[in-house]
*Asks:* 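Have a look at this one before I ask anything.
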Amino acid sequence: MFKKLLPALFLLALIPSAAANGPTYSTRDLFISRCTGETATTGISRQSAANICACTFDQISSRYGSNWPQALDSQDIGNKPELTSFIDTATRQCVSRHMSR
């Protein structure tokens, strides 16, 4: 499951900040919405997926601030090994926490 989930979360981190063409949504809302859709395709319920995605975003934001997806917009995520490692760790912790319920 992690093999499918982690690449999706890394790609979702690159949310374009230009998503303001429609209604205004927060970066967190956009991340959770897109992440939930992708994560649910791995066979996880939408509610569990939403919980995992919210948990992951919040954990990363607690360390890097809530604008971390935009900060990655113009930079190669591969050039930030500390961040990618932290995203991996946060995701694993959130999956473990919310899949055990």
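Please read all numbers here as calculations on a predicted model, not as lab measurements.
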*Asks:* Check whether the side chains of Gln59 and Tyr64 place a donor and an acceptor atom closer than 3.5 Å, and report yes or no.
*Replies:* no
*Asks:* With Ser62, which residues qualify under side chain to side chain contact (heavy atoms under 4.5 Å, CB included), at least two apart?
*Replies:* none
*Asks:* As an exercise, state the distance from SG of Cys53 to CZ of Arg34, rounded to the nearest 0.5 Å.
*Replies:* 12.5 Å
*Asks:* Do Thr36 and Thr39 pair up side chain to side chain, a donor and an acceptor below 3.5 Å, judged on atom types alone?
*Replies:* no
*Asks:* Nearest 0.5 Å please: distance from the CD1 atom of Ile52 over to the CD atom of Gln93.
*Replies:* 13.0 Å
*Asks:* May I have all residue pairs that pass ring-ring contact (aromatic ring centres under 6.0 Å, His included) and include part of residues 36-63, sequence neighbours excluded?
*Replies:* Phe31-Phe57, Phe57-Trp68
*Asks:* Please identify each residue that fulfils side chain to side chain donor-acceptor pair (under 3.5 Å) with Thr89, with sequence neighbours left out.
*Replies:* none
*Asks:* For Ile44 and Ser48, which heavy atoms make the closest approach, and how far apart are they?
*Replies:* CG2-CB, 3.4 Å
*Asks:* Which heavy atom of Cys55 sits nearest a heavy atom of Arg97, and at what distance?
*Replies:* SG-NH1, 3.1 Å
*Asks:* Tell me, please, which residues at least two apart from Ser33 pass side chain to side chain contact (heavy atoms under 4.5 Å, CB included).
*Replies:* none
*Asks:* Asp58: what forms a side chain to side chain contact (heavy atoms under 4.5 Å, CB included) with it, not counting sequence neighbours?
*Replies:* Arg28
*Asks:* Please lay out, stage by stage, how His98 and Gln47 fare under the test side chain to side chain contact (heavy atoms under 4.5 Å, CB included).
*Replies:* CA-CA 10 Å; His98 292 286; Gln47 184 59 54; over 6 Å; no
*Asks:* Nearest 0.5 Å, what's the OG1-CZ distance between Thr56 and Arg92?
*Replies:* 11.5 Å
*Asks:* Can you see which heavy atom on Ala40 is nearest to which on Ala49, and at what distance?
*Replies:* N-CB, 4.0 Å
*Asks:* Give the C-alpha distance, both sets of side-chain angles, the deciding distance and a yes or no for side-chain hydrogen bond (donor to acceptor under 3.5 Å, both in side chains) between Ser26 and Asp29.
*Replies:* CA-CA 5 Å; Ser26 71; Asp29 291 342; 3.2 Å; yes
